[in-house]
There are 2 protein chains.
Amino acid sequence: MLTSHQRKNDPEALRARLLDCAASLITEEGLPALTLDKVARLAGVSKGGLLHHFASKQALIDGLFAQVVAWFNGRVDALIAPDRNASARFSRAYLAVIAAIDMDEPEQRRLAVLILMLSSDPHHCARWNAWVEARLERHRSTDRSPLARTLRLAADGLWLSELGGGPDSGLEARSQVLGFLESLGSGTALSLATAKAGEP
Amino acid sequence: MLTSHQRKNDPEALRARLLDCAASLITEEGLPALTLDKVARLAGVSKGGLLHHFASKQALIDGLFAQVVAWFNGRVDALIAPDRNASARFSRAYLAVIAAIDMDEPEQRRLAVLILMLSSDPHHCARWNAWVEARLERHRSTDRSPLARTLRLAADGLWLSELGGGPDSGLEARSQVLGFLESLGSGTALSLATAKAGEP
DNA sequence: GTAAAAAAACCGTCTGGACGGTATGTCTTG
DNA sequence: CAAGACATACCGTCCAGACGGTTTTTTTAC
């Protein structure tokens with residue numbers, strides 16, 4: 001029992017748990033099947049409690065989306081910071097973050113799956129694009145080459161494939177592609193070495 | 001009023017129109033927002049009329065899915081047939097079909113959007129994978145290289161980006177990437193020249 | 001420090017509407 | 001007149017959100 005003797009009310013933890021449970025449900029049953037009841041039940045609260053923290057279902061999903069984007073953004077920054085090679089810096093980091101996602105780790109898989117789920121909605125799609133465009137603006141001096149574009153597209157494809165469990169997913173396929181892109185970049189001052197490093 | 005004086009009954013046309021309207025709605029509002037009522041109304045029939053042709057909502061979506069896959073399959077075949085270069089034949093065709101999609105043509109855009117929409121559902125995702133795997137099996141002697149994989153992934157990324165209207169979409173971006181991949185392939189017996197050809 | 005007051009956190013129930021699907025017609029076509 | 005093509009009416013379910021209450025926490029007042 002968690003509710004033993006001391007009631008440390010901790011609303012923020014609940015908020016986080018609600019987000020977490022929602023993410024979990026989406027990965028398992030898809031976004032259309034998400035209901036407030038299920039989220040509330042899984043989180044161990046009433047629906048009223050849920051609606052206290054998130055005024056509407058949309059607000060819940062938006063919260064989830066914001067969390068994912070923030071996470072992704074952070075990962076990208078973490079990879080860009082120590083990168084001494086300017087060429088396509090952002091796009092390489094973009095690819096690296098996606099390629100480094102471990103689909104067997106529930107938490108990471110969760111975060112990854114989400115963006116696809118949300119991307120099927122034009123509204124969130126636009127928000128994601130806004131983020132990418134903002135970052136591209138920041139890196140406009142380094143990430144406007146066709147190579148940079150291609151890297152990003154390959155990353156998206158990798159992502160999509162990985163999520164769907166397609167024939168080009170899995171560790172083996174991924175490292176094949178990564179290796180190919182790497183070899184390709186060695187001739188054009190591209191290095192994806194940092195891509196394989198995990199945490200700092 | 002369309003229902004003026006002459007009722008040319010033509011059930012097949014209606015069936016096609018229903019599929020068309022459903023596709024249209026999905027592209028605009030996303031699959032989760034699709035309802036039988038909307039489809040019926042947009043097609044100018046009653047819900048009962050719709051359900052006469054498609055026994056359930058699932059049947060409607062399945063019908064749509066089958067149509068898209070058949071279309072895609074046909075396009076790929078049309079590109080493979082005259083291709084004298086064996087290397088990564090299927091994967092190049094895969095990329096070419098996607099790259100050749102004109103997003104300004106409502107019909108093509110519709111077909112393209114669908115697969116993403118459907119891919120957000122694990123069930124359809126599996127069906128799509130099954131198709132790809134079947135084709136890969138047929139082309140296992142030509143499309144197992146890392147390059148082939150990369151081509152397919154880039155295609156998926158292109159597709160995804162184009163659908164969402166992201167920063168890497170549009171004719172300019174597309175031709176940049178196409179050109180890059182082409183130049184890259186020129187050293188490895190890869191030619192995407194056929195990719196730019198439209199209809200025969 | 002402590003009691004009162006206010007606010008926030010959370011619960012359980014209810015409802016109005018949407019939506020998938022059915023049942024039963026009516027009309028057209030062959 | 002039989003069968004398919006469609007319309008109309010209706011049912012059961014599910015679900016988002018509203019509402020009113022109860023408990024916990026924080027603030028205020030003394």
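So that the names make sense, note that chain A is the first sequence line, chain B the second, and so on, each numbered from 1.
If you measure from atom CG of Leu50(B) to atom C1' of dG21(C), you get 12 Å, rounded to the nearest angstrom. One interatomic measurement links the two molecules: CG of Asp37(A) to C1' of dC14(C), which rounds to 13 Å at whole-angstrom precision. Between the NZ atom of Lys38(B) and the P atom of dG17(C) there is a distance of 17 Å, given to the nearest Å. Rounded to an integer number of Å, the gap from Arg17(A) CZ to dA9(C) C1' is 13 Å. We find that NZ of Lys47(B) is positioned 10 Å from C1' of dT22(C), with the value rounded to whole Å. Between Gln58(A) atom CD and dA16(D) atom C1' the separation is 12 Å, expressed in whole Å. If you measure from atom CG of Leu36(A) to atom C1' of dC15(D), you get 8 Å, rounded to the nearest angstrom. We find that CZ of Arg41(A) is positioned 14 Å from P of dT13(C), with the value rounded to whole Å.
Put simply, His53(B) has a side-chain N or O that comes within less than 4.0 Å of OP1 or OP2 on dC6(D). An OP1 or OP2 oxygen of dC11(C) is reached within less than 4.0 angstrom by no side-chain nitrogen or oxygen of His52(A).
Both Thr35(B) and Gly49(A) lie close to DNA chain C; mapped to their nearest nucleotides by heavy-atom distance, the more 5′-ward contact belongs to Gly49(A). Between Gly48(A) and Ala33(A), the residue anchored nearer the 5' end of DNA chain D, judged by the nucleotide with its closest heavy atom, is Ala33(A).
A donor-acceptor pair under 3.5 Å links the side-chain atoms of Ser175(A) to the main chain of Glu172(A), judged by distance alone.
With pairs defined as Watson-Crick or G-U wobble and both atom distances under 3.5 Å, the stems of at least three pairs that touch DNA chain C come out as C:1-30 with D:1-30.
The distance from the NZ atom of Lys38(B) to the NZ atom of Lys47(B) is 13.0 Å, given to the nearest 0.5 Å.
Between Tyr94(B) and Asp156(B), the side chains place a donor N or O and an acceptor N or O closer than 3.5 Å (distance only, hydrogens not considered). For Arg89(B) and Thr142(B), the side-chain atoms include no donor-acceptor pair closer than 3.5 Å.
At a threshold of 4.0 angstrom between heavy atoms, the contacts of Ser46(B) include nucleobase atoms, whether or not backbone atoms are also involved. Within the 4.0 angstrom heavy-atom criterion, only backbone atoms of the sugar-phosphate kind lie near Leu34(B); the bases stay farther away. If you check every strand for non-hydrogen atoms under 4.0 Å, Leu51(B) touches a base.
Remark: Arg127(A) engages Asp62(A) in a salt bridge, criterion side-chain N to carboxylate O under 4.0 Å.
Separation of the Phe72(A) and Trp131(A) ring centroids falls under the 6.0 Å cut-off.
Put simply, the side chain of Leu95(A) reaches to within 4.5 Å of the side chain of Leu181(A), judged on heavy atoms.
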